[in-house]
Amino acid sequence: MTDAAGRQPQARKARRSADRAGAAADGQAPRRRPNARSTAASEPTAASEPAAAPEPARPAAGPMPSPRSRKPRGSARGTLAAGAARASGERQRRAGTPLLGPADPVEVSPARRAAAGLAAAATREMSPQARPGRAPDRGRRLRPVPTVVEPAGTDSPSPSAHQPRRLEAAERSTDVRPGPAELVDLAVNVLRSAASAAGLPTEEAERRVAEALAYVRRRLSGDYTVDEFGFDEDYTLNVHLPLLRPLYRAWFRVEVRGIENIPGEGGGLVVANHSGTVAMDSLMTQLAVHDEHPQHRHLRMLGADLVFRMPFVGAMARRSGTTLAATSDAERLLRKGALVGVWPEGFKGVGKPFSERYKLQRFGRGGFVSAAVRTGVPIIPCSIVGAEEIYPIIGNMPTVARLLGVPYAPITPTFPLLGPLGLIPLPSKWLIEFGPPVQTTDLGSDAADDPMLVFDLTDQVRETIQQTLYSLLMQRSSVFV
């Protein structure tokens with residue numbers, strides 16, 4: 001056993017030495033160590049033979065060669081050489097067989113050669129490798145500079161054609177953007193379509209479109225005026241009042257009486273009752289004075305401090321003619337001949353419960369009367385029926401009101417039960433009546449300092465409004481009809 005085990009390594013070494021010697025005799029590099037299980041190798045194939053090498057004879061007995069053993073390098077080289085020879089012969093055979101026949105030479109015109117030269121010059125100019133001392137910017141995409149090429153009919157290009165010309169920004173831009181004329185035409189067509197869908201006549205639609213475009217032009221060019229109180233007449237006529245007209249005509253169906261009692265010119269003080277949870281009655285009165293009066297006068301309303309502290313509402317109120325409810329501001333407006341509106345009940349009248357509807361609250365200390373007497377303008381009582389029913393107050397949330405910083409937080413049949421839908425006012429029928437004016441010209445400006453006279457005039461105006469309210473309630477057949 002020991003001799004047989006010792007002779008096996010020696011036999012393997014002898015076989016490897018014989019293989020190396022045979023490879024050296026054939027002019028090949030010695031092959032690597034074969035697998036231990038392989039006992040024979042294929043004979044090399046001559047490189048000069050065009051045919052495939054014959055399969056080497058395998059020994060009659062012995063283990064199968066290992067799949068990891070490789071063929072000798074001479075055999076692989078011979079196979080590659082035979083394949084190359086066959087490929088070379090195939091290429092020669094194909095080259096000798098014309099497919100389409102001889103091709104005619106292509107004549108290149110001078111203009112085409114010039115265009116090719118200009119394109120090559122532009123490419124070399126834009127190539128980062130053509131610029132010495134500058135590394136190519138791989139993070140930025142380079143665009144070739146557009147060039148101008150001579151027409152194809154010219155025989156020789158001009159010397160300036162060889163210099164690529166950089167186009168202007170307007171020529172390089174491929175975006176088609178509409179100009180002001182196209183935008184105006186689009187806006188006109190949209191407005192006309194909307195007016196036609198609303199059922200307006202063509203002439204009325206075109207007139208409104210023209211007014212809207214003229215308003216936009218004035219706002220963009222700054223061609224409008226604002227007085228010292230912040231009143232913007234252009235904004236009031238084109239934005240503020242048109243937004244209120246649908247409510248005035250279609251929703252509340254306001255009926256106005258006694259509009260002739262408002263003077264056509266000069267100062268005047270309109271005193272009205274206040275109600276409705278939201279000060280909607282003051283806005284409807286302002287629109288009624290402008291639309292129903294023959295001179296279309298503007299009613300300059302006096303508002304509380306809370307109105308001007310509210311975002312967006314304060315700015316809109318100031319631009320539409322509302323000013324702070326102060327005696328000094330009221331006197332300045334009246335002396336300038338403005339028509340001023342005041343609601344003396346204030347938040348006590350707007351936030352009173354529905355059970356006390358159409359019952360006037362206290363009219364303050366009579367500051368409006370003293371302003372009218374000092375300026376010598378008439379006092380026009382105004383009674384409004386219908387505003388109490390738009391948001392009937394059935395409860396109050398004082399804690400919420402204190403947190404929000406407002407006088408009251410109302411609870412109505414629709415709010416907050418219906419959420420945002422509860423903010424829609426109920427479509428009640430409105431009646432607005434302007435009573436006969438109370439003249440103050442004969443009293444003199446010194447009478448404004450007499451507290452008893454001021455109190456008597458305040459009580460007289462309050463009683464006139466209260467009696468008119470009772471009369472209008474009896475004349476109204478239904479709340480919503």
Side-chain angles (χ1 to χ4, degrees), residues 229-232 235-236 239-241 243-244 246-248 251-252 271-287 299-330 340-365 367-368 384-428 430 479:
F229 296 95
F231 174 57
D232 188 351
Y235 166 81
T236 303
V239 178
H240 179 71
L241 296 181
L243 290 177
L244 297 177
L247 289 175
Y248 178 86
W251 194 253
F252 297 137
V271 182
N273 60 307
H274 215 15
S275 61
T277 308
V278 179
M280 194 70 69
D281 51 0
S282 59
L283 299 177
M284 295 297 105
T285 306
Q286 179 189 22
L287 185 58
L299 182 64
R300 307 294 298 274
M301 299 177 292
L302 302 178
D305 300 346
L306 179 63
V307 175
F308 300 99
R309 292 200 304 264
M310 297 176 65
F312 178 73
V313 176
M316 185 178 65
R318 178 75 69 178
R319 295 171 67 180
S320 60
T322 305
T323 187
L324 188 63
T327 305
S328 58
D329 290 349
V340 180
V342 62
W343 288 258
E345 291 181 276
F347 291 114
K348 297 188 300 294
V350 178
K352 64 177 178 288
F354 187 69
S355 58
E356 300 181 7
R357 59 189 179 278
Y358 299 116
K359 294 180 180 179
L360 296 182
Q361 305 297 312
R362 182 173 173 267
F363 266 23
R365 293 170 293 184
F368 67 95
I384 305 171
V385 170
E388 297 276 11
E389 290 84 10
I390 61 173
Y391 296 112
I393 297 180
I394 59 177
N396 190 15
M397 298 178 287
T399 305
V400 177
R402 286 194 297 270
L403 291 176
L404 297 178
V406 294
Y408 55 90
I411 299 176
T412 67
T414 59
F415 183 83
L417 181 62
L418 299 181
L421 294 177
L423 300 177
I424 301 176
L426 298 179
S428 59
W430 284 41
V479 176

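Owing to the predicted nature of the structure, the values given are computational and were not obtained by experimental measurement. Below, each value reflects all heavy atoms present in this structure, side chains not excepted, and no hydrogens, waters or symmetry copies.
- Ser320 has its side chain out of reach of Val239: every pair of non-hydrogen atoms, C-beta onward, lies at least 4.5 Å apart.
- Interatomic distance, CD1 of Ile424 versus CH2 of Trp251, reported as 7.0 Å (0.5 Å rounding).
- Between atom OG1 of residue Thr414 and atom CG of residue Leu423 there is a gap of 8.0 Å, rounded to the nearest 0.5 Å.
- Annotation for Pro407 and Leu306: closest pair CD-CD2, 3.7 Å, computed over non-hydrogen atoms.
- Nearest heavy atom pair, residue Pro416 against residue Ile411, reads CD-CG2, 4.3 Å.
- No side-chain heavy atom of Thr323 sits less than 4.5 Å from a side-chain heavy atom of Arg300.
- For Gln286 and His240, the side-chain atoms include at least one donor-acceptor pair closer than 3.5 Å.
- Scanning both residues, Ser275 and Ala387, for their nearest heavy atoms gives OG-CB, 3.5 Å.
- Considering every non-hydrogen atom in both Thr236 and Asp232, the closest pair reads OG1-O, 2.8 Å.
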Q.
Could you go through Tyr358 and Val385, starting from their C-alpha distance and side-chain angles, then the distance that decides it, and tell me whether this counts as side-chain contact (heavy atoms from CB on, under 4.5 Å)?
A. CA-CA 8 Å; Tyr358 299 116; Val385 170; 3.8 Å; yes

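- Residues Phe368 and Leu302 have side chains not in contact (no heavy-atom distance under 4.5 Å, counting atoms from C-beta outward).
- Here Ile390 contributes atom CD1 and Leu426 contributes atom CG; the two are 8.5 Å apart, rounded to the nearest 0.5 Å.
- A heavy-atom distance below 4.5 Å is not found between the side chains of Lys352 and Ile393.
- If you take CE on Met316 and CE on Met310, they are separated by 9.0 Å, rounding to the nearest 0.5 Å.
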Q. What's the verdict on side-chain contact (heavy atoms from CB on, under 4.5 Å) for Ile384 and Trp343, showing C-alpha distance, side-chain angles and the deciding distance?
A. CA-CA 11 Å; Ile384 305 171; Trp343 288 258; 4.2 Å; yes

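- Looking at every heavy atom in both residues, Val271 comes nearest to Phe363 through CG1-CE2, 4.2 Å.
- The cationic group of Arg318 lies under 6.0 Å from the six-membered ring centre of Phe308 and within 45° of the ring axis, placing it in a cation-pi geometry.
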**Q.** Residues Val406, Phe347; criterion side-chain contact (heavy atoms from CB on, under 4.5 Å); working and verdict
**A.** CA-CA 10 Å; Val406 294; Phe347 291 114; over 6 Å; no

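- Taking 4.5 Å as the limit, every side-chain heavy atom of Phe415 sits out of range of all side-chain heavy atoms of Tyr391.
- Of all the heavy atoms in Ala409 and Ala401, the pair that sits closest is N-CB, 3.7 Å.
- Interatomic distance, Glu389 CD to Thr277 OG1, rounded to the nearest 0.5 Å: 10.5 Å.
- By the 4.5 Å heavy-atom criterion applied to side chains, Met397 and Tyr408 are not counted as neighbours.
- The shortest side-chain heavy-atom distance between Leu324 and Asp305 falls under the 4.5 Å cut-off.
- Between the NE2 atom in His274 and the OG1 atom in Thr285 there is a gap of 9.5 Å [rounded to 0.5 Å].
- Taking the side chain as every heavy atom from C-beta outward, Asn273 and Glu345 approach each other to under 4.5 Å.
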